[in-house]
Every structure is written in structure tokens, then in C-alpha cells.
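Okay, structure first, notes after.
In what follows, chains carry the letters A, B, and so on, assigned in the order in which the sequence lines appear, proteins first and then strands, with residues in each chain numbered from 1. Here the structure is a predicted model, which means the values were calculated and not measured.
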Amino acid sequence: MTSTGAEPTRGDFIRDIIEHDMGTGRHGGRVVTRFPPEPNGYLHIGHAKSICLNFGIAEQYGSRCNLRFDDTNPAKEDVEYVDSIEHDVRWLGFSYGNQALYASDYFDEMYELAEDLVRGGNAYVDHLSDDEIREYRGSLSAPGRPSPYRDRSVEENLGFLRQMRAGELPDGTCVLRARIDLSASNMKMRDPLLYRIRHAHHDRTGDAWPIYPMYDYAHPISDAIEGITHSLCTLEFENNRELYEWVIDRTGVSEKHGVSRPQQIEFARLKLDYTVMSKRKLLLLVEDGLVAGWDDPRMPTIAGMRRRGYRPEAIRAFADLIGVAKVNSVVDIGKLEFCVRDDLNWVAPRVLGVLRPLKVTITSWAEGEVEELTGPYFPADVGKPGERTLPFGREIVIDRDDFALDPPPGYQRLAPGRTVRLRHGYCITCEDVVVENGEVVEVRARHVPDSVGKKPAGIDVSGVIHWVSAAHAVPAEVRLYDRLFKVPRPDEGDGDLARSLNPDSLQVIRDAVVEPSLANAEPGSHWQLERVGYFVVDTEDSRPGALVLNRTVTLRDSWQGAADPESPAPAAEESHERSAKAKTRPPKKSRTEYRAEARLRDPVLGERFATWPATYGIPEDDVDLLTGDRATGDLFLAAVTEGGGRPAAVARWIVNELPPALGERELADTRLSGPTLGTLLSAVESGEITAQVAKDVFAEMVERGADPRAIIAERGLAQVNDEGAIAGIVDQVVAANSGKADQYRGGKTALFGFFVGQVIKASQGKANPQVVQKLVRDRLG
RNA sequence: UCGGGGGUGGUGUAAUCGGUAACACAGCAGGUUCUGGUCCUGUCGUUGGGGGUUCGAGUCCUCCCCCCCGAGCCA
């Protein structure tokens with residue numbers, strides 16, 4: 001396994017859609033995406049997922065992904081963020097042409113289109129206050145009502161809009177609203193705001209604009225202007241899609257630019273456990289001084305992860321690992337750590353460093369004598385070249401954790417009387433210990449002569465430990481980072497972030513030492529301190545002579561003796577109570593209720609519902625489904641009375657097979673007739689054709705009103721019952737899948753369905769399934 | 001007058017036409033190893049629940065349950 005940066009990206013539902021669009025030529029074979037951050041905060045790992053998705057698709061199709069700043073709200077935005085965002089995107093390894101784009105570049109065109117909307121009666125200026133607008137908008141379960149200003153003349157509206165644009169009106173005086181539908185069940189369509197007045201200075205347009213467009217207006221237009229084909233956003237914008245399409249449609253902006261209309265596709269945003277992802281909460285951490293800044297190595301920001309020592313390759317591998325879907329999910333942060341280790345394993349040279357030094361005197365080694373040992377930078381399995389020298393002398397230091405007076409079972413380190421190997425060096429045997437105030441302050445040991453690179457004969461070596469020559473040790477400050485929060489879901493509960501913080505998320509060790517080869521390590525360089533973890537030389541605080549190392553991630557530690565204080569999250573007892581938010585929402589009406597209402601409105605349906613169970617002897621559940629509308633019931637009636645179908649069979653077929661055959665169509669829009677349905681079902685019941693074939697025929701009947709008899713006759717679709725004929729197919733299938741046949745005989749009986757399926761498929765659905773089953777069973781015995 | 005989107009192992013994501021529930025992480029058990037790392041092997045599952053259609057259902061029909069989103073002059 002290698003670092004996964006170059007591995008092929010797995011398919012996902014978005015790429016499926018794109019593939020499909022390429023096939024149908026929906027966008028003229030083009031794929032153009034965009035990443036549209038608002039410059040009001042730093043990018044985090046969640047954005048990284050979106051960046052990898054959008055830019056990854058562009059790379060995959062050899063096309064383009066635009067970086068476009070959604071700078072439509074000057075009150076919240078800042079150039080500081082623009083710079084950091086551009087830097088982060090490039091650091092992740094993506095490029096976006098010559099320069100970043102800005103929604104504000106399109107303000108002129110947006111305004112022109114807004115006037116068009118007014119002229120076309122599709123927008124109006126509303127003088128209601130914000131409170132009134134909210135009130136007039138209604139609620140989730142009650143329709144809104146129109147503003148008294150909704151029906152002013154085009155001329156009046158145009159006049160007000162131009163006053164707004166000219167800066168003649170103070171903030172809040174009025175707004176431009178789309179004129180759609182105050183009773184829409186989608187709240188986003190209840191005459192949404194398009195422009196609001198903001199006498200604010202904009203970083204790019206200066207004071208040129210006293211009005212600014214809303215997201216729902218600016219976004220689709222920006223996409224269209226740039227010729228975006230697939231506009232990917234997160235799930236919470238699903239309700240906005242209808243409005244997105246309305247704007248594209250009513251402004252005609254795509255047609256004006258001669259491009260296909262962009263389509264919005266939503267996917268689930270990334271959630272990670274043991275961290276928070278919302279910009280607001282991250283800002284809170286920074287402002288409250290809970291972390292040292294946006295680039296604090298504990299932050300899930302790209303800047304923070306970079307400083308922590310994560311490489312872009314790891315982040316991209318992570319994005320690839322977690323995939324893209326529409327399910328709200330929470331990713332285990334261990335997966336990120338896995339990607340980081342998997343990446344660093346191949347790039348970080350191995351060196352020795354001691355975090356909590358314990359002095360070891362090699363009593364058998366002459367004072368002042370130094371031996372230059374050598375050690376490769378990489379283990380054999382990584383197989384990269386390079387080595388450095390490791391001076392060894394009478395006095396060395398080892399980690400306190402690597403010595404125990406009273407070693408626990410399974411301890412593979414140093415203890416009184418035991419021998420361990422010093423990594424790349426001699427084996428040493430502990431023969432004495434100096435204790436002061438109950439604490440071991442020095443270990444005295446003898447070295448085993450001639451044990452470098454050789455197994456010492458007759459001596460049991462407990463393990464291998466890391467060490468540094470005391471005389472040559474390079475002092476270092478080591479910052480041990482751990483997850484910022486101690487609970488898996490800091491977002492839940494009362495939301496008091498401070499109380500969920502992990503008090504041990506940062507531990508600073510000032511008296512660590514590392515081997516001399518690290519003395520001039522470059523800021524930003526990655527190292528593995530063997531047996532300790534991966535580290536990066538801090539880019540901000542490390543100085544020549546004052547090394548600062550950040551722990552990027554620990555090594556995987558499978559030693560049970562290693563006390564692991566991170567107790568796994570107590571499986572949050574699944575509460576069967578509805579969530580607080582769910583309770584505030586009105587209940588949905590079921591389909592049963594809709595059908596019942598339809599029957600109340602239409603006495604004919606009501607009568608059918610009441611009498612059919614007895615008249616035709618079919619289950620009430622089926623009757624319910626047949627009597628929710630006239631067309632379905634009429635079809636049933638015709639199939640039974642005119643087509644001679646058996647009522648129960650007709651009902652079952654209409655209930656189970658009609659909806660999928662219909663797809664998006666309405667029954668009334670098809671040429672399906674009751675009598676032909678009756679004919680088809682009689683053919684099935686008599687054994688003339690198989691159910692499988694009947695479904696295919698039925699699809700054509702729905703599609704083009706075909707006559708089942710004709711299709712069956714023309715194509716020779718009669719059911720095949722002849723054992724000899726079927727046995728031939730069975731033999732072919734078994735021969736073609738001899739490996740699977742062996743597996744089956746070996747006990748993998750789940751393959752039975754596979755073989756039956758293959759045979760039936762080979763017979764084009766005509767083979768009698770019971771006969772096929774019997775023969776397959778006989779043949780595979 | 002409510003509407004929209006979802007539910008596959010502990011976790012994330014797959015599964016052509018309805019036809020072997022797969023891959024990875026984590027866990028557990030071994031093996032290799034001068035890192036308790038890496039690597040290798042094995043092990044762990046009947047798709048939220050019920051009913052139905054079908055020779056065969058994660059996939060189709062149906063009822064129920066659960067979760068998420070929407071009433072900013074935020075994005």
C-alpha cells in the first residue's frame with residue numbers, strides 16, 4: 001500500500017449523474033464545477049471535502065473548477081479570508097486558472113437581470129418591514145398572504161428599484177422580492193428577497209453599490225455566467241433548488257450566455273466526531289482564546305492541520321476514503337488519523353528522540369569515548385535510501401516509559417537484570433538503579449560487546465528502545481497535541497463548548513532531547529520519532545538552536561499494557577423520544593390520508609372503496625390503493641369486466657407492477673388499456689408466459705399502448721417448460737461458471753440464486769422458473 | 001397547507017436488469033520484524049420494522065417508525 005494521493009477516485013452518486021449527463025449530452029459534453037466560499041472565515045476539513053469533490057471532478061474530466069468568492073454581504077466579509085482561502089486551496093494541490101473569481105464581478109449583470117424581472121412582472125419592490133415580511137410569509141403549515149405592495153405597476157417598481165440602486169433610500173426602507181407564490185409549500189418560494197439595501201463598503205466594489213443581492217439570486221446567476229454545469233452544494237440547500245431553477249429560468253441568464261442551464265446537486269456535509277465544524281463555533285474558539293488562533297494545530301481548519309503536520313496528500317486521501325453521499329453521517333476521526341499515518345509512513349525519515357529523559361550510564365564504556373553508529377532513515381519495508389550517524393557514549397538518555405523497576409507482564413523494555421537493544425546500537429543490560437525520593441533518577445547498565453547489528457549469543461533481548469547520547473543531545477520543545485474535545489459530539493447538549501474541551505489537548509514538553517542529526521531540521525519537515533509518533537518542525541516558533549516539534553499523530557499502539565485513557569465513547573443510549581426540533585414541526589400527512597380525502601371529495605371513489613372488497617373479493621389494502629383516484633380504479637374495472645382478468649390478479653398487478661412501469665408518468669398520459677391488461681394477466685395465469693416476460697410486455701403496453709397478444713406472438717415469448725431445452729441452458733451456465741459451481745458444491749449455497757438467474761436470463765425470461773430451479777438443484781446436487 | 005431529503009456492520013462508502021451483501025477504518029486472534037510502527041493472514045454482517053409481489057428483494061409495492069432540512073433583509 002502506498003500513499004493514496006494518486007489512486008483513482010471512486011465513483012459516487014454525483015459522478016454517476018455526470019456520467020449520465022455526458023451520455024445524454026445534457027451539457028454538450030461539458031463538465032464545469034465551482035467552489036464558492038464566502039470570505040468570512042477560514043477553510044476547514046469540511047471545505048476540503050467539497051474542494052476535493054469539485055476540483056477532483058474537474059481533474060477527472062480534464063475540465064475546470066472555478067474558485068469563486070461569494071462576496072455578496074460586505075458586512076460579514078474580509079480580505080484576510082480571501083488570502084487564506086486561496087492559499088489553502090493551492091496548498092491542497094488544486095489550481096483554478098489564472099485567478100479567483102468573485103460574485104461581485106457580476107453585480108452589473110445581476111442588476112440588469114433584476115430590472116428585467118421587474119419588467120416581466122416577476123419581481124417587485126416591497127416596503128413592508130422585516131417583521132411584517134416574516135409575518136406575511138406564514139408558517140410551515142399555514143400559507144402566507146401577499147404584501148399590499150405586491151401588485152404595484154411595473155413603472156412604480158422600476159422607479160423604486162432605481163432609487164434603491166441610486167442610493168437614495170436608507171437601509172431597510174424596502175427590498176426587491178421575487179414574485180412567485182405566497183402559498184407555496186416550499187417556504188423558499190414565498191416571494192423570496194432578491195436585493196436588500198446596504199450602504200456598506202465592499203472590499204472589491206468599494207462604494208459603487210448601495211444594494212447587494214441575496215445568495216439565492218446571486219448564486220444561480222454566477223453559476224450560469226461561468227457556464228457551470230454541475231453546481232454541488234450541501235444538503236441544507238435542497239429547498240433552495242427550486243428557487244435556483246426559478247431564477248435561471250425567469251432571468252434566462254443561461255440562454256443569454258449561450259450555455260446549458262446549471263444543475264444544483266446536493267450532498268451531505270462532512271461531520272467529524274470529537275470536533276466542531278461550523279464557522280461560528282470555530283470563530284468562537286478563536287475569539288474566546290480557547291485555542292491559539294485559526295492555525296492552532298488542534299483546529300480542524302486547513303491552516304491548523306497544515307501546522308499540525310498533515311500533508312495535503314493525507315487530506316485528499318481522506319476525502320477519497322469517506323466518499324460522497326446524501327446520508328447525514330459522522331465520520332470517525334480515526335479515519336483521518338489513519339490517512340495521516342498512511343501518508344507519513346512513506347515520507348517521514350525515522351529518527352530518535354526522547355520526550356522524558358532518564359539518564360543511563362554505561363558503566364562498561366570508557367569515559368569520553370565516542371563511537372559513531374549509523375542508522376538508515378527508513379526501514380527496509382519503506383525501502384528509501386539515506387542514513388545518518390548516531391554518536392554513542394558512556395552516558396545516554398532513554399524514555400522514562402522504557403524502564404520499569406517492576407515490569408508488568410509482557411513488558412518488552414528495560415528493567416533490572418534485563419537486556420534490551422538500543423536502536424541501531426548495542427544491547428545493554430541493566431545492573432543497578434539509583435533511586436532518590438522513591439524515584440528512579442539513573443539506570444546503570446553494561447553494554448554487550450560486539451552486539452551492534454548482531455544477535456548476542458545466549459542472551460535474551462527483551463526488546464528495542466530508542467535513546468540519545470547525553471553529550472550530543474539536541475534540546476527540543478515538543479508539543480503533544482490530542483483531540484480538542486473529550487466528547488464525540490461537542491455540538492450536542494447545551495452547546496457550551498468550553499465544558500467539552502479536552503484539558504489535555506495540548507501538552508508542552510520543554511526538556512525533550514533529539515538526536516544531533518535533527519539540529520538543523522527545516523521548519524515544516526516531517527519526522528518519525530521511532531516508537532513515539534510523527535512530528536513536524538513547527539513553522540512559526542521553531543528557531544535554529546531552539547527546535548520546536550509538533551506531534552502530528554501518534555503511532556498506532558497495539559500494546560495492551562499501554563494505558564489508554566481514551567475510553568471509547570459510551571454508546572449514546574438511543575433516545576426513542578423525538579428530537580426537540582422534530583417536535584416543533586407539524587406532522588406529515590400520510591398517503592393513506594390523502595386517498596381517504598380524495599374519496600371524501602369524490603363519492604364514486606367512496607362507493608368503490610366500500611363495495612369492492614365484497615364484490616371482487618380483494619383485500620382492503622389493495623382496494624384502498626385502487627380507489628385513491630378515478631384513473632386507477634377505471635383501469636381495474638376495465639381489465640376485469642372487459643379484459644376478463646381475475647379481479648385479485650388484476651388488483652395485485654396494478655398495485656405492484658403499475659407504479660414502477662409508470663415511472664414519472666401519470667396513468668392518464670399512457671395508452672395502457674384495461675382490456676389488454678386483462679388479456680396479459682390471463683396469459684400469465686394460464687402459464688402461457690412467465691411473470692418475468694409479462695413485466696417486459698407490460699412495460700411496452702404502458703410505453704406505447706402495445707397489444708400483448710401481438711408482442712407475444714411476434715417475439716415468440718411463450719413460456720418454456722421443456723426440461724430438455726432448459727437442461728441445455730443449465731449445462732451451459734454451469735460450464736461457464738465452473739469456479740462458482742465448485743464453490744456451491746463446497747457449501748456456498750447462496751450461489752443458487754445466481755445460477756437460477758443466469759439460466760433465466762439466458763432464456764430471455766422465458767424459462768419456467770420452477771423447472772429451472774429443479775434442474776439447477778439436480779445439476780449442482 | 002405543510003413540503004423536501006434520508007435510514008446497509010461499531011464507523012464511512014459500495015452493490016449493472018431484482019440474481020454471491022462488497023471495500024476500507026476500528027476491534028479481536030495470529031505471523032513477520034532491531035520501531036509494541038509497517039506488512040501479511042484469519043475473524044466479526046441477513047440492509048430501521050411489519051406485510052406484500054416474485055422462482056428469487058438492500059433493490060419493486062405498501063403501512064409504520066426514526067433522523068435531517070425549510071418560516072434571516074445569512075450563506
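- Rounded to whole Å, the C1' atom of B:rG48 lies 11 Å from the corresponding atom of B:rC67.
- Nucleic acid contact for A:G463: none, since no nucleic acid atom lies under 4.0 Å from a heavy atom of the residue.
- Per the geometry, CG belonging to A:D126 stands 15 Å off P belonging to B:rG72, to the nearest Å.
- As rounded to the nearest Å, B:rA14 and B:rG52 have P atoms that lie 32 Å from one another.
- When each of A:Y212, A:Y124, A:Y217 is paired with A:Y195, the ring-ring contact (aromatic ring centres under 6.0 Å, His included) condition holds for A:Y217 and for no other.
- With distances taken from any side-chain atom of A:Y411 to the nucleotides B:rG36, B:rU35, B:rG70, the minimum falls on B:rG36.
- Here A:T592 reaches the OP1 or OP2 of B:rC63: one of its side-chain N or O atoms lies under 4.0 Å away.
- For A:S329 and B:rU11, the shortest distance from a side-chain N or O to OP1 or OP2 is not below 4.0 Å.
- Of the side-chain N and O atoms in A:S590, one or more sit less than 4.0 angstrom from OP1 or OP2 of B:rC64.
- Side-chain N/O atoms of A:R241 include none lying less than 4.0 angstrom from OP1 or OP2 on B:rG70.
- The separation of B:rG50 from B:rA57, taken at their P atoms, amounts to 14 Å, rounded to a whole angstrom.
- Contacts of A:R421 with the nucleic acid, taken as non-hydrogen atoms under 4.0 Å apart, include base atoms.
- Separating the P atom of B:rU38 from that of B:rG27 is a span of 10 Å, rounded to the nearest Å.
- Here the separation of B:rC23 from B:rC40, taken at their P atoms, is 14 Å to the nearest Å.
- Distance CG (A:N345) to C1' (B:rU38): 5 Å, rounded to an integer number of Å.
- A:K279 comes within 4.0 angstrom of nothing in the nucleic acid, heavy atoms only.
- If you take atom C1' in B:rC17 and the same atom in B:rU59, they sit 11 Å apart, rounded to whole Å.
- The distance between atom OH of A:Y212 and atom C1' of B:rC74, rounded to the nearest whole Å, is 16 Å.
- Ring-to-base geometry places A:W559 in a stacked arrangement with B:rG36 (centre distance under 5.5 Å, plane angle under 30°).
- Base engagement by A:R350 is indicated by at least one non-hydrogen atom pair under 4.0 Å involving a base atom.
- Under a cut-off of 6.0 angstrom, the local environment of NZ in A:K271 is sparse, with at most 12 non-hydrogen atoms contributed by other residues, nucleotides or ligands.
- B:rC73 makes up no base pair with any nucleotide shown, lacking Watson-Crick or G-U wobble contacts both under 3.5 Å.
- Between A:W653 and A:F698, the angle of the ring planes goes over 60°, which puts this pair in the perpendicular group of the 30/60° scheme.
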Item to check | Derivation and outcome, salt bridge (charged side-chain N to carboxylate O under 4.0 Å, His left out), residues A:E242 and A:K188 | outcome: CA-CA 8 Å; A:E242 193 179 355; A:K188 284 276 163 354; over 6 Å; no
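- Taking the ring axis of A:F754 as reference, the NZ or CZ atom of A:K740 stays within 45° of it and closer than 6.0 Å to the ring centre.
- Classification of the A:Y426-A:F392 ring pair by plane angle, with boundaries at 30° and 60°, yields tilted.
- One can place CD of A:Q758 at 14 Å from P of B:rU16, the figure rounded to the nearest angstrom.
- Between A:K748 atom NZ and B:rA22 atom C1' the separation is 10 Å, expressed in whole Å.
- Distance noted for atom C1' between B:rC44 and B:rA29: 11 Å (whole Å).
- Closest to the side chain of A:F237, from the set B:rC39, B:rG3, B:rA75, is B:rA75.
- Rounding to whole angstrom units, CZ of residue A:F318 and C1' of B:rA24 are separated by 13 Å.
- Proximity of A:R585 to the phosphate of B:rG70: a side-chain N or O atom is located under 4.0 Å from OP1 or OP2.
- Checking A:Q264 against A:E266 by side-chain atom types alone, a donor-acceptor pair falls below 3.5 Å.
- Here the separation of B:rU47 from B:rA22, taken at their P atoms, is 13 Å to the nearest Å.
- Between A:R196 and B:rC74, a side-chain N or O to OP1/OP2 separation shorter than 4.0 Å is present.
- Taking 4.0 angstrom as the limit, A:R134 places a side-chain polar atom (N or O) nearer than this to OP1 or OP2 of B:rG72.
- Between the C1' atom of B:rA21 and the CZ atom of A:F754 lies a distance of 15 Å, rounded to the nearest Å.
- For A:Q692, the side-chain atoms get nearest to B:rG56 when compared with the rest of B:rC69, B:rG56, B:rG3.
- When rounded to the nearest whole Å, the span between NZ of A:K335 and C1' of B:rC23 equals 12 Å.
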